[in-house]
S.K.: 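First the structure, then my questions, so here it is.
Computed over heavy atoms, backbone and side chain alike; hydrogens, waters and symmetry mates excluded. Since we're looking at a predicted model, the values are computed, not measured. The sequence lines fix the lettering, A, B, ..., with proteins before strands; numbering per chain opens at 1.
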Amino acid sequence: MKFTSFEFIIFFLSVFFLYWFVFKKSLRKQNLLLLAASYFFYGYWDYRFLSLIFISSFIDFFIGKRLAIEKSKSNRKILLALSLIANLGMLGVFKYYNFFSASFAEMWHSIFGKELGFVTLKIVLPVGISFYTFQTLSYTIDVYRKKLDPTKNFVSFFAYVSFFPQLVAGPIERAINLLPQFERPREFSYHKSVDGLRQILWGFFKKVVIADNVGTYVDQFFNKPDSFTGSELVLGAVYFAFQIYCDFSGYSDIAIGTARIFGFDLMKNFNFPYFSRDIGEFWRRWHISLSTWFRDYLYIPLGGSKVKTKMRLFFNVMAIFVVSGLWHGANWTFIVWGFLNAVLFLPSILMGKNRRNLNTIGEGKRYPAINEVAGMVSTFILTTILWIFFRANTVSAAWHYLINIFDSSLFTIPSKLGGIPMIVLLLFMEWRARTHNHALETVNSNRIIRWSGYISLILLIIVFSGEDKVFIYFQF
Amino acid sequence: MKLFLKRTLLFVLITMFVLFLSSLLYSHLKTKYLANKNLHLKPGTHILLLGDSHAETAFNDSIILHSQNIAFHAEHYLFTYFKLKKLLEANPTIDKVVLSFGPHNISQGADITIFSESRNSRSFARYFMLLDSEGVDDTYSPSQNWRTNYLKWKLGIPFQLKLEAKLIYKTIFSKPVSINDFPFNGEFYASSKHSFKKVNATIQAHYYKNNILLKESDLAIKYLYKIINLTKAKGVKLYLVNTPLHELYTNNIPDYFRKAYKKETNRIKNNYPEVIYLDFSELKIDDSKFGDYHHLNKMGAIKLSQRLKKYLRNE
């Protein structure tokens, strides 16, 4: 069930009513309701997907319990390995098997000139499998590391893994943050709920008004790059940068806002990434729940930046970015995208300058300094170039797109500028709120002005709706 | 909780009231900009050139005297019918209508612009202002986009601003609206393209879906006859023109569609003798005059338009 569907409105209102009015007094019943609602929400796509999430939750629940009583180090390692094999195994089969078998067969053919009789599996990629797999893995790993006591509550754990607001596209919540929230009573908070609604509204604006609309242009540019001028292809890449940002962060906003209405606090997933002054800052602000997941469960166990040689540091950085690229999808384009991001990030970390910009751009000032603006613009240009690899269907198509940009038509005025006004509005709103959680958190104290603003956004959403596209990150 | 519900309800009510007002204002603007005077063709025009990309690239209205080409690429006959209805109403001087008519027009492949998830919202938004209830019902597809667009159509909420903004702006500020401001009207496209890459891809798109042969489109055929009946009722002469096709394309048209197309043309000839069918599909045209396997480029358009001009003059 998509957030942007009519079904979701009915679903949300029903769950809200039952949650706060019928089951208000019983935490267990509230959790059971959330579990049932989440399974219904997920099964609405395809009921067969439910078996996977159930198996994944079941395995980790029992491994977690077993880890709590197991004293032997080697047995604990075996239990952890079991969880990793089961979860990553499912992810591997459903998401990566066809890609790796096809790539291997292709390599075999190019080396030995013979076709391999490989069988590709006819399987559908379950929506959001990468998200909940990482979420449930964080539980077993933290229990293994003794950072978290395993839960004995079956319902809480299953509800944590499948919590519908963030089930299919994150934020990827750590058990350490979200699971305890299922185990303590939740009170309705007026301010939290109102802010949740504001964040949902902003998420819808980003998704419906910007992502879906510039998305139609992006499809045209990327499907037939030969038919457009260099300047139009630049515009196409910029549009995609905003499409992917608004699509994904819009989903996160709706997820976080929805969770708040049910009394949960989810982690921030995007922190105005296009206001970053260098690539390191960009990665601290983009898809934070995934970046920190990789940092804590891959980069630091590999030694992180506290390693003896620069070569090892180089390897660690490459590993985290390439794996992060692969996490996004079984395609060489994502791997190349991850690799190129590592290439951009490496110089700053090797020189120890990757944590220069820890504050917010122009913090405490009305306007940023010139060097900050230069950093922000150059970071945006670089990330936008890399998004071309992310969006294209193949690496050669991405290259072809890039090559086509650089001819004399680069300096002509592009057509299809219709997406620009809304992007300007987005940037204006987000710039004002760059030290806050979301763009509508800083609201005018005058209720008439505030409500007029909200109604204007709703009107824009309605006027721009009808070009609905599936959330891009669902496929990951 | 009480306060939350009270304020949320109040907010929802105010929003609905604002929506209602906007809807009233929008309906007023729409009625104004759809006035017949805004849809007048070029002075002296009495031949209307219509259809999809075949007509758009083949009929050069600067060659065919007293004509205007308003064809639009990928236009389904359903949309052509409503467009024609409106234009005949606004331009009683039209006495001839030339419509492109090829085998692909009656294939279910043509329905993609109406029913495919990725394209239906775009075509709906382009033509919604012309449709009546039957037309909207005929575009039904079980998609979120259709439901949204249907509600917007029903409740009179502005569609995609990028398509309608110019009309709304001109109406509000009382600026003159021209026929080209309407999103459903196209014009002659002098294509300089010359590319023969994938005939199979074109054949697949027109006549197959996932390698399975499609059937005739009941919807396209229904609206083809509605167009015929409309022109008959208005006393307008209709010319159905199969524009030139490259022999590689022609040779690859599935037999099923050859027969279906022939059956349909015979039916028209028998039942509507007043309709003129002109088949230029096998007209000898150099490769250099094709944009691709099924479209003419500007050179090809000159050749065909001269032929058509001569024919229409002698009629």
S.K.: If you tally heavy-atom pairs under 4.5 Å against chain B, which of A:Ser5, A:Ser189, A:Ser227, A:Gly419 wins?
M.R.: A:Ser5
S.K.: Step through the shown structure and confirm whether more than 12 heavy atoms of other residues, nucleotides or ligands are within 6.0 Å of NZ on B:Lys170.
M.R.: yes
S.K.: Specify the closest pair of heavy atoms between A:Phe6 and B:Arg147, including all atoms of both residues, with the distance to one decimal.
M.R.: CE1-CB, 3.7 Å
S.K.: For B:Lys32, is the NZ atom crowded, meaning more than 12 foreign heavy atoms sit under 6.0 Å from it?
M.R.: no
S.K.: Under 6.0 Å from the CD1 atom of A:Ile413, do we count more than 12 heavy atoms belonging to anything else shown?
M.R.: no
S.K.: Quick one: CZ on B:Arg7 to CH2 on A:Trp451, what's the gap to the nearest 0.5 Å?
M.R.: 7.0 Å
S.K.: Distance check, rounded to the nearest 0.5 Å: B:Phe4 atom CZ versus A:Phe188 atom CZ?
M.R.: 4.5 Å
S.K.: Return yes when atom CD of B:Glu134 has more than 12 non-hydrogen atoms of other residues, nucleotides or ligands closer than 6.0 Å, and no otherwise.
M.R.: yes
S.K.: Check whether more than 12 heavy atoms from other residues, nucleotides or ligands sit under 6.0 Å from atom CG of A:Leu13, and answer yes or no.
M.R.: yes
S.K.: How long is the span from the CD1 atom in A:Ile455 to the CZ atom in B:Phe11, to the nearest 0.5 Å?
M.R.: 5.0 Å
S.K.: Between CD1 of A:Ile462 and CG of B:Leu19, what distance do you get to the nearest 0.5 Å?
M.R.: 4.0 Å
S.K.: Drop me the distance from B:Leu10's CG to A:Arg447's CZ, to the nearest 0.5 angstrom.
M.R.: 7.5 Å
S.K.: Is the NZ atom of B:Lys30 crowded by more than 12 outside heavy atoms at less than 6.0 Å?
M.R.: yes
S.K.: When rounded to the nearest 0.5 angstrom, what is the spacing between OH in A:Tyr190 and CE in B:Met1?
M.R.: 12.5 Å
